[in-house]
Structure formats: structure tokens, C-alpha cells
Amino acid sequence: MRIARFSIDGNVAFGAVEGDKPDELVLDIIKGIPFADFELSGTKVPVSKVRLLPPVLPNKVVAFGRNYAEHAKELGNEVPDAPFAFFKPSTSVIGPGDEIQYPTFTEDLHHEAELAVVIGRMCREVPRERVADVIFGYTCANDVTARDVQKREKQWARAKGFDTSCPLGPWVETDLDLATASDLTVQLTVNGEQRQLGRTSEMIHPIEDLIVNISEAMTLLPGDVILTGTPAGVGPLTVGDEVAVTIEGIGTLTNKVVKRG
């Protein structure tokens, strides 16, 4: 099931996305919230009539860096022996169609296409064999990065945590099992030109290891998001660019870069 979060007439709700053709998608409005038992209301609204929002509002976004060897190599970095985590605040999250605001403190803004894992239940110290039980689903993400700031400052909070630096969407796909999610095509285009192309099977540390690693340290809550790293091909964004992340079996997340007002 594809579950989207949306607004219509000033109201916010979740809905199950139905249909295959982009111009014919409809939302069956969910009674309740998708992290608990819920029912479909049978009330349907065309996706074209609503504004899609970030599919979840995470308490925290835990991101893992340098999790693809070729990406680490292209930036001249060593491959970490263990998963390397950092955070993006909830204020960095935007949804499909929202604008990425080019920060005033950087001159080298980069895109990073990533598979995002959405947590479905409160959990801590998750054993590897139980990881699938705590996953709600998967969505597309763009770990937008101020690359010059990242290189200049040892701590990545500003370089990767600024407002609008974490586009998510367009919805959460809940029907992918862990094995399937571990071998999906991840690609990114800028103005229709392909920049990144890889597979989640190229991760150095697979999804199970990432969730085991971070849940050893902290409690994960329903709606929390885990970013799993980006394949090679990262590069600059400029004002006016349209950047699209497409992940096999999930969908496409599109955002435009604008000058911060």
C-alpha cells in the first residue's frame, strides 16, 4: 500500500494511493493514523486536487554517511568500518513539490538521492532478525548538502541540517519486504539529466545493520526516518534547478531549488 499525507481545504489527513497513471491517482482517506490499526473510509479524492505533504513528520531523521564505496571515493573519503550516523532536524523536512531554499551561507549546494526507511513502531536495541518487524515502509529522500560548509566545519549540523535540506516523498510504500528493498534502483535527475544511478544492494552496511546500530543507542519512534546513504554521482544544484529522486517500486520525489528569501 502507498500511504500519503496530504492537505485539502485546510485539513490534513492520510490516504491510501490508488491507481497507476500519474494523472489518475486517487486517495482513499484513512480513518485514524497509519501507525495503528486503521480503516479506509471509502471517501476518495483525486491526488490532483490535494497538496501532498511530507509523508511523515519524523521526531528525528537519522542519516548514514559514506555508505556507498563509490560515493566515498568520489569525495576522497575513507569507507567507515562501522555505520557513520548524523542527524537532520525535523525542521529540515519538506514534501514533494516543496521548494529547496538555497542557503545564503553556501556556494556549493549538492544533491544526494537516498532510500529512506520509515519506522513503524517504538523500538530499541532491535536484533538483526527483528528489523523487518519495526519497518513501516520506504520512501524517497534527498539529503541536500552544503558541501563547502561540510568540508570546512567538522560538525555537519549546518551543512546537512538547514531548513528544506530533507525532501521526503511522495508517499510511503508499505508493501516492499526487506529483501526487495535491499536491491532497488536509485536514480536522480537534474532538469531531466541523469546525475546518479545505483542500487541499494551496493550499500556497505545494509538496512538491517543501520537499524541495529542506531537502535543500540536510542529509541526509535513511529514515523522516524532512517536515511541509508547515497550512491555516486552527487553534484551541484543551482537556483532554478528541478531535482527528481526516483526509486524503483516507490515513486518519484521532485523539488525545485529557489533562492532563500
Do Arg147 and Val234 touch side chain to side chain, with heavy atoms closer than 4.5 Å? yes
Indicate, with yes or no, if the rings of Phe14 and Trp171 have centres closer together than 6.0 Å. no
Any donor and acceptor pair, going by atom type alone, linking the side chain of [X] with main-chain N or O of [Y] inside 3.5 Å?
X	Y	result
Arg195	Pro236	yes
Gln194	Leu188	no
Asp224	Ile119	no
Glu173	Ile250	no
Thr180	Leu176	no
Ser165	Lys160	yes
Arg5	Pro54	yes
Asn67	Thr228	yes
Thr200	Ala181	yes
Asp28	Gly42	yes

Between [Y] and [X], is there a side-chain donor-acceptor contact under 3.5 Å, judged purely by atom types and distance?
X	Y	value
Arg260	Thr104	no
Gln196	His111	yes
Glu112	Thr230	no

Lys/Arg N to Asp/Glu carboxylate O, Lys256 vs Asp241, below 4.0 Å: no
Using a strict cut-off of less than 4.0 Å between a Lys/Arg side-chain nitrogen and an Asp/Glu carboxylate oxygen, indicate whether Lys49 and Asp9 qualify as a salt bridge. no
Assess the residue pair Phe162 and Leu109 against the criterion (side-chain contact (heavy atoms from CB on, under 4.5 Å)); give the C-alpha distance rounded to whole Å, side-chain angles, the decisive distance to 0.1 Å, and a yes or no. CA-CA 11 Å; Phe162 58 88; Leu109 194 68; 3.6 Å; yes
Does Arg121 make a cation-pi contact with Phe35 (under 6.0 Å, within 45 degrees of the axis)? no
Linking I/L/V/M/F/W/Y whenever any side-chain heavy atoms sit under 4.5 Å apart, do Leu210 and Ile247 land together? yes
Same hydrophobic cluster for Met218 and Phe86, using side-chain heavy-atom links shorter than 4.5 Å among ILVMFWY? no
List the steps and the verdict of salt bridge (Lys or Arg N to Asp or Glu O under 4.0 Å) for Asp148 and Lys151. CA-CA 5 Å; Asp148 50 351; Lys151 293 177 180 178; over 6 Å; no
Heavy-atom pair of closest approach, residues Leu253 and Pro170: N-CD, 4.2 Å
Distance col, row Ile226:CD1 vs Ser215:OG, nearest 0.5 angstrom, shows 8.5 Å
